[in-house]
Structures are given as C-alpha cells and as structure tokens.
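Each remark here refers to the structure printed beneath this line.
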Amino acid sequence: MSNSDSSIQVKLPDGTVKEFAQGVTPFQVAESISPRLAAASAVARIKPVHAVSTATATNDEAAMYAAENPQAERLVDLSTPLTEDVELQLLTERDPDALKVVRHSAAHVLATAVLELFPETKLGHGPATEAGFFYDFYRPTPFTPEDLKAIEAKMAEVVARDEKFVREFEPREEGLAHFKAENDFMKVHFVERFTHEGEAISLYRNGAFVDFCRGPHVPSTGRVKAFKVMSLSGAYWLGNEKNPQLQRIYGTAFFSKKDLDDYLHRLEEAKKRDHRVLGKQLELFTVSEDVGAGLPLWLPKGATIRRLLEEYILEREREAGYQHVYSPSLAKVDLYVRSGHWAHYHEDMFPLMDLETEQMVLRPMNCPHHILIYESKPRSYRELPVKLAELGTMYRYERSGVLSGLSRVRCMTLNDAHIFCTPEQIKEEFSNVMQLVERAYRDLGITNYSYRLSLRDPANKEKYVDNDEMWALGERVLREALDGLALPYKEGRGEAAFYGPKLDIQLADVMGHEETYSTIQVDFHLPNQFGLNYTAADGKLHRPVMIHRAIISTMERMVAYLIEHYGGAFPLWLAPVQVGLVPISERHQLYADRVQSELQKAGLRVELDSRNEKMNAKIRDFTMQKVPYVLVMGDKEEEANAVSVRVRGKGDQGSMPLADFLAKVAALIAAKSMDL
Ligand code: TSB
Ligand code: ZN
C-alpha cells in the first residue's frame with residue numbers, strides 16, 4: 001500500500017481498502033460504511049500493515065497497564081485516531097473479545113459507583129475475568145450486603161448518565177504526584193511498576209471518575225447494558241498475607257438482559273451441582289481449619305469413590321505393562337535443584353525444611369523419584385520402554401485465592417507415570433497413552449473433552465528451561481503424534497511444563513470453565529539433567545526420552561469433576577452406597593440382615609437402615625443420598641425371598657426375586673453401565 005503523508009489506508013475484513021485522512025477514528029470508518037454498524041460496534045481490532053510482531057494483548061496485569069506495542073495487533077477504542085495503514089475489524093456484540101471490553105468497562109462503572117458512595121475508598125485494579133469482572137478496593141470498613149445493593153443501584157445511575165470513556169495522557173511524574181497526594185498506594189504501585197520514567201501514562205475518564213488504565217473501553221457507560229454485582233471476597237494486596245486486606249467486588253456484564261438472565265439461570269443450576277455443596281451433603285469430603293486450606297479430608301464415602309478410581313486405574317496400567325512403585329513425598333532439596341524444579345518451579349513449592357544436617361522439600365512432582373528408580377540399575381534397550389507408575393502424593397503451594405474444594409488443592413495424589421523410551425518409541429507410546437485416556441473416559445462416562453497443545457510463552461523465558469532446540473523438537477514430536485491420530489487441538493501459549501511441551505486434555509464444568517485433567521508431556525530435559533542412559537543394540541550408551549503422563553489426573557480433581565458431572569448421582573460401579581435396605585417394620589429386620597449379607601458377599605456396597613423410623617422417611621433419606629437402588633422388605637418379600645426395588649430416577653419397579661436382582665446388578669457393574 002502507498003499513501004501520501006496526510007492520508008492512510010484502512011483494509012477491511014472483506015478485503016476492501018479505503019483511504020481516509022490521517023487521524024480518522026474506527027468509529028468514523030464504521031460510519032462511512034453504515035451508521036448502524038457504527039452504533040453496533042463496541043471496540044476495534046487493528047493490525048498495522050507494516051507490523052513486525054503479531055502478539056496480541058493478554059489479560060494479565062502488565063497488559064492492563066504497560067504501554068501497548070504500536071507494532072502489534074490489538075484492540076483499541078472506537079475513538080482512537082488512526083495514524084498509519086491498518087487492517088481494521090469492528091467488533092460488535094457477537095464478538096467474545098468485545099464482551100471482555102464491556103466487562104472491563106463495567107469494572108470502571110463499578111469503581112465510579114463505589115467512589116461516589118464511599119469517597120474514602122482506595123482503588124486497586126479491575127480486570128475482566130472469564131465470568132465477568134472484579135475490582136479490588138481498600139477501605140477499612142467492610143462492605144455490607146446493603147452496600148452492595150446500593151452500589152449496584154448507583155452503577156445503574158452511572159450507566160444511565162451515559163458518560164463517555166475518554167482517554168487522556170498525563171506525564172508520569174504528574175500522575176504519580178497526584179496519586180501520592182491522595183494516598184492511592186495501589187495506583188502508585190501500578191504506575192511505578194508498569195511504566196517508565198519520562199513516559200506519559202494512560203488514564204481513562206468518565207464524568208468525574210479517572211482511572212489509571214490502558215483500556216480499551218466501550219464508547220460510553222451507557223453501553224454497559226446488562227450487569228449485576230455478584231459477590232464480595234477478601235484478597236490480600238499483591239496476594240501477600242502481610243499486606244492490607246482488600247475487598248474484591250465481583251460482578252458480571254453481558255450485551256443483553258437475556259444473556260445475563262441465561263447466565264444467572266445456569267449459575268443457579270451449577271450451584272446445585274457444585275462439588276463443594278454436594279461433597280458436604282453426600283458426606284464425601286470436608287476441609288478443616290485445623291488442617292488448613294487446600295488440604296481436604298476424605299470422608300468414608302468420598303474415600304470409597306477414590307479407592308474405586310485408584311483400583312480401576314491401577315488395573316488398566318497393569319494390563320498396559322506399567323510397573324508400580326512407591327516413593328516418599330519429600331526429598332533433599334538438592335534433588336529438586338538438579339531437576340530444575342528449584343529454579344523454575346520454586347514459587348509453586350512449599351518452603352524449605354531446614355534440618356540440622358540437611359534441607360528437605362515436599363515434592364511438587366514425582367518425576368525425580370521415578371528417575372532415581374530408573375537409574376537404580378543399568379538398563380538395556382531390550383527393557384525399553386520402562387514405564388514406572390505410582391499414585392504419587394505431591395504438594396504444591398497453590399495461592400489461597402485459587403484453592404477450591406477438591407479441584408484445586410495443595411496436597412494431591414496423581415495417577416502418575418514416567419515412560420522411559422527411545423526417541424523412536426515416542427509415537428507408539430503416545431498413542432498407547434491416548435488409548436488409555438479414551439478407555440478411562442468411556443468407563444467414567446466422560447464425553448465432553450478437548451485437546452490443548454501447551455507450549456511455552458516465548459516472552460517469559462525464565463519460567464522454562466532454556467534450550468530452543470529441545471523445545472522445537474518436543475513441539476514437533478507432539479504435533480506429529482497428534483496429527484498421526486488426527487486429533488483436533490487448540491494451542492495454549494504459556495501452558496507448558498517448565499521442562500517441555502505437553503498435550504493436555506481439558507474438561508469443562510457446567511459453567512464452561514476449563515481445567516486440565518489428563519496430560520502427556522515429552523521431556524528431553526530431565527534425562528539430560530540426570531545423565532540417564534541405556535545400552536543400545538550397538539553396545540553404546542544412549543539417552544532415553546521421558547514421557548510424563550497422567551490418565552485420570554489427581555484423585556482430587558477427578559473426583560471433583562465426577563461429583564459435578566453426575567450431580568452426585570454416580571453410576572452404579574462408582575456409587576459409594578449401591579443399595580439401601582429398608583425393612584418395613586422391626587419384624588423384617590432378620591430378613592433384611594440376611595439380604596444384606598448376601599449382597600455383601602456378592603461384593604456390593606450396602607447400607608441397612610434399621611432405625612426406628614417410618615419406611616417412607618428411610619426411602620427419602622436414601623433418595624437424598626442418591627443411592628442407585630433402594631430395596632424395601634415386608635412380609636410378602638420375605639415369604640418369596642424377594643425384594644421390592646426402587647430405582648434412582650425411575651421410582652418403584654415392584655417386587656423381584658433376590659437372586660434376579662443380584663444377577664441384574666452384577667451385570668450392570670461388570671459393564672460399568674451408566675444406566676440402572
Ligand atoms: C504427569 N510431572 C508431571 C506428571 O508426570 C506433572 O506433574 N504434570 S502436571 O504438573 O501437569 O500435573 C499433572 C496433573 O495434576 C494436571 O494435569 C492436573 O490435572 C493435576 N493438578 C495439578 N495441580 C493440581 C492441584 N492444585 N489440585 C488438583 N489437581 C492438580
Ligand atoms: Zn512427571
């Protein structure tokens with residue numbers, strides 16, 4: 001493209017190129033196409049035609065404040081003057097990126113409302129999140145539920161005022177002086193941390209409210225059409241318990257009232273399935289203040305589910321040629337210095353235990369222990385692949401804000417294995433692991449999963465071992481294996497392990513929030529660090545490759561998923577109590593005992609309710625506990641050696657000989673049937 005000094009060329013997504021005077025705004029470009037498009041647009045994405053970098057802005061703190069890279073593709077306000085040739089895309093309400101901008105704008109509306117009602121409040125930051133937005137505030141008095149209502153009402157006023165979001169630039173030193181004068185310690189921190197001396201800092205103003213922010217924003221507060229203040233929680237300034245406690249107000253925003261209502265409805269439904277709620281109701285696990293956050297206690301029923309999962313996966317692994325080992329949960333720190341964990345994974349580890357003669361750490365991963373087991377004797381190529389597996393318990397210092405029930409914890413037991421193989425064997429081993437994953441998901445009734453190729457973030461090199469060649473090789477091997485199996489996958493930059501890229505299998509919860517469960521990781525780094533070898537056919541020593549893999553994730557995370565997936569109504573083979581027994585009156589107690597012992601002999605998990613309660617109350621209790629079968633026994637049943645069967649979700653099915661019931665249930669369990 002060529003242009004004279006005072007005009008620029010704007011290329012639209014359909015390929016047309018239009019010429020405008022320099023300084024034209026995306027809004028004006030939109031108007032030149034159609035006034036309706038201009039009105040519907042929320043924000044614009046531009047890509048300088050002569051760009052050298054294509055990195056897009058991410059959602060982290062630095063991206064909120066640091067000066068944008070003028071060379072990069074990025075989102076900008078509709079009012080941003082365009083100064084060079086660009087590709088331009090106008091984002092309307094159909095675009096998820098535009099929704100993020102609406103939500104961040106809603107965070108400014110929230111802060112505006114809070115300052116109008118509680119002028120003494122100091123502002124932290126207010127990003128968009130996956131489910132909405134939040135803003136952190138410092139104020140010695142806690143906000144009450146009534147305050148939140150008042151804030152929401154005030155937000156509606158700010159929206160109704162339809163104030164323009166105007167971007168302003170101020171010399172850094174002036175901005176700092178201004179924030180310092182107001183004792184706005186968090187803003188001072190952000191400016192000092194994310195901008196440089198001599199720079200102008202970016203501010204956004206709406207009405208009398210000004211925030212230090214890089215934007216972008218929707219054109220005016222009136223565009224935050226459907227929002228709700230959701231909740232309040234505590235957060236330490238900079239995540240550090242020694243710092244002042246902030247109050248984090250969460251909200252959400254959508255393009256329309258209908259979208260918001262749909263979301264709130266889904267949220268209600270999801271809450272009923274929340275594994276923390278069901279975990280309590282169904283007596284699966286508990287978290288005790290006395291033990292500590294992120295350190296759940298497994299109650300008998302939850303422990304039963306976990307044990308079933310453990311037995312299940314150990315059996316699959318035995319069939320697949322894995323050798324099971326045991327290793328301790330702690331080690332000398334030197335082991336983790338050597339592996340690289342201490343350098344690259346330190347922040348996720350509990351602090352050192354400084355003993356008199358040695359320094360120990362709780363292990364955050366099991367790999368180094370398994371490596372030492374591999375190393376415990378010389379290995380020949382004939383043994384390869386060596387597959388060492390363990391239900392390995394490990395400890396990670398997850399920050400308190402991200403802990404959640406069983407799904408994100410600090411002490412966890414991973415269905416872990418490390419495969420030591422030749423480079424030629426990687427492909428087949430990869431495919432074997434994928435088969436195990438598919439089999440396990442089928443048996444567990446998991447259908448809704450996706451693949452993510454997790455790569456390192458090139459902008460964050462210190463988080464990863466430094467060896468470009470190795471990273472390129474690992475990535476190539478994984479892509480080839482994925483393509484070989486024709487698996488569709490997305491990419492996750494910055495999601496790799498510090499030692500190599502991985503293929504993660506992602507499951508989404510009821511609210512669409514994704515987490516990693518299964519993982520397969522190709523690692524050329526640890527074998528090098530530990531100087532691993534095997535004697536090859538040529539009689540020489542060669543270096544094996546390591547594949548780290550977990551089929552059903554940690555017991556904690558998988559059980560959390562299954563609780564929510566099944567809403568607590570577990571398939572028969574996983575149900576902690578499979579059959580509930582209800583004698584109609586005291587005189588049927590003996591018969592009920594006999595039925596119980598027969599069922600138990602057949603390996604079933606049975607609970608007999610012999611309390612002095614009404615039959616219906618007992619049936620109701622078993623139903624609340626989501627027990628698959630409830631057998632009621634009275635005179636008729638006793639005479640016929642039968643049971644009256646109630647099936648979860650289907651109600652009373654009438655009477656059936658006990659032997660028939662046993663045969664039916666045994667077949668369903670053997671088939672891991674999802675049906676009852
Ligand atoms: C597979 N060294 C490898 C192992 O050999 C490893 O530890 N990989 S990992 O770091 O990705 O963790 C494996 C799995 O553990 C993750 O995919 C995730 O499903 C689960 N996990 C990780 N952190 C937590 C946590 N805090 N709570 C519960 N589960 C977790
Ligand atoms: Zn590992």
Side-chain angles (χ1 to χ4, degrees), residues 129-131 134 142 230-236 239-242 245-248 250 267-310 329-330 347-351 353 361-365 391-416 507 509-511 513-517 550 552-570 574-577 624-626:
T129 62
E130 222 175 303
F134 66 78
M230 302 294 291
S231 60
L232 175 69
S233 79
Y236 289 103
N240 185 338
E241 287 108 77
K242 296 189 190 96
Q245 191 161 42
L246 309 179
Q247 304 188 66
R248 175 169 293 183
Y250 287 94
L267 199 60
E268 277 310 305
E269 290 302 303
K271 268 194 195 141
K272 289 187 214 150
R273 292 177 164 254
D274 188 323
H275 80 277
R276 293 165 299 184
V277 176
L278 285 173
K280 192 167 184 167
Q281 204 176 304
L282 303 178
E283 298 181 11
L284 303 176
F285 71 95
T286 185
V287 181
S288 159
E289 280 282 313
D290 293 330
V291 181
L295 301 168
L297 300 167
W298 294 79
L299 304 177
K301 286 179 181 157
T304 299
I305 299 172
R306 170 172 170 170
R307 184 173 34 79
L308 289 162
L309 274 182
E310 292 182 347
S329 298
L330 70 174
E347 283 188 1
D348 296 276
M349 296 173 66
F350 279 96
M353 283 173 262
V361 286
L362 282 168
R363 69 173 173 195
M365 292 194 195
L391 290 166
T393 300
M394 51 199 205
Y395 296 82
R396 294 185 183 176
Y397 181 42
E398 300 278 3
R399 296 305 179 266
S400 58
V402 300
L403 295 173
S404 168
L406 287 179
S407 63
R408 190 170 288 275
V409 292
R410 287 175 168 172
C411 166
M412 65 206 89
T413 298
L414 182 65
N415 159 226
D416 203 357
L507 302 184
D509 67 14
V510 229
M511 292 309 295
H513 174 77
E514 259 189 21
E515 284 282 10
T516 301
Y517 287 75
I552 56 169
S553 178
T554 53
M555 299 309 114
E556 288 75 12
R557 185 167 287 180
M558 184 50 88
V559 170
Y561 180 81
L562 292 174
I563 295 171
E564 299 192 356
H565 183 60
Y566 288 111
F570 294 99
L574 278 175
V577 176
M624 294 288 287
Q625 291 291 306
K626 304 182 198 266

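Just so it is clear, the model here is predicted, and its values are computed rather than measured.
Here the CZ atom belonging to Arg363 is positioned 8.5 Å from the CE atom belonging to Met394, to the nearest 0.5 angstrom. Arg276 CZ to Ile563 CD1: the interatomic distance, rounded to the nearest 0.5 Å, is 11.5 Å. Taken to the nearest 0.5 Å, the CG atom of Leu391 stands 6.0 Å off from the CG atom of Asn415. One distance of note links CE of Met558 with CG of Leu507; it measures 6.0 Å at 0.5 Å rounding. The CZ atom of Arg399 lies 9.5 Å from the CG atom of Asn240; values are rounded to the nearest 0.5 Å. Atom OG of Ser233 and atom CZ of Phe134 lie 8.5 Å apart (nearest 0.5 Å).
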Show me the donor-acceptor pairs within less than 3.5 Å that the side chains of residues 297-308 make with the rest of the protein, sequence neighbours left out.
unit_1	atom_1	unit_2	atom_2	d
Thr304	OG1	Pro300	O	2.9
Arg306	NE	Glu310	OE2	2.8
Arg306	NH2	Glu310	OE2	3.4
Arg306	NH2	Thr413	OG1	3.1

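Classified by interplanar angle (parallel below 30°, tilted 30° to 60°, perpendicular above 60°), the ring pair Tyr397/Phe350 is tilted. In this pair, Tyr561 and His565 present their aromatic rings parallel. The plane angle is below 30°, not in the 30 to 60° band.
For Glu515, the salt bridge (charged side-chain N to carboxylate O under 4.0 Å, His left out) test picks out Arg408, Arg557, with sequence neighbours left out. Among residues two or more places apart in sequence or in another chain, the ring pair (Phe, Tyr, Trp, His ring centres under 6.0 Å) test is passed with Phe285 by His275.
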| After noting the C-alpha distance and the side-chain angles of Val577 and Gln625, does the key distance pass the side chain to side chain contact (heavy atoms under 4.5 Å, CB included) rule? | CA-CA 9 Å; Val577 176; Gln625 291 291 306; over 6 Å; no
| said: Go through it in stages, so that I can follow the logic: the residues are Phe570 and Lys626, the test is side chain to side chain contact (heavy atoms under 4.5 Å, CB included), and I'd like the CA-CA distance, side-chain angles, deciding distance and then a yes or no. | reply: CA-CA 8 Å; Phe570 294 99; Lys626 304 182 198 266; over 6 Å; no
| message | Before you tell me yes or no, could you show the steps for Leu309 and Leu562 under side chain to side chain contact (heavy atoms under 4.5 Å, CB included), namely the whole-Å CA-CA distance, both residues' side-chain angles and the distance that decides it to 0.1 Å? | response | CA-CA 11 Å; Leu309 274 182; Leu562 292 174; 4.2 Å; yes
| Yes or no on side chain to side chain contact (heavy atoms under 4.5 Å, CB included) for Val277 and Lys271, after CA distance, side-chain angles and deciding distance? | CA-CA 8 Å; Val277 176; Lys271 268 194 195 141; 6.0 Å; no
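Counting non-hydrogen atoms of neighbouring residues, nucleotides and ligands closer than 6.0 angstrom, the CE atom of Met624 reaches no more than 12 such neighbours.
Between Val409 and Met412 the shortest heavy-atom distance is O-CE, 3.5 Å. Between Pro576 and Leu284, the closest heavy-atom pair is CG-CD2, 4.4 Å. Minimum heavy-atom separation, Gly567 to Leu278: C-CD1, 3.4 Å. Listed here is the closest heavy atom pair of Gly292 and Val287: O-CG1, 3.9 Å. Counting all heavy atoms, side chain and backbone alike, Leu267 lies closest to Met230 at CD2-CE, 3.3 Å.
No donor-acceptor pair closer than 3.5 Å links the side chain of Arg273 to the backbone N or O of Gly568. In this structure, the side chain of Arg396 engages the main chain of Pro364 through a donor-acceptor pair within 3.5 Å.
In this structure the side chain of Asp274 reaches within 4.5 angstrom of the side chain of Glu564, judged on heavy atoms.
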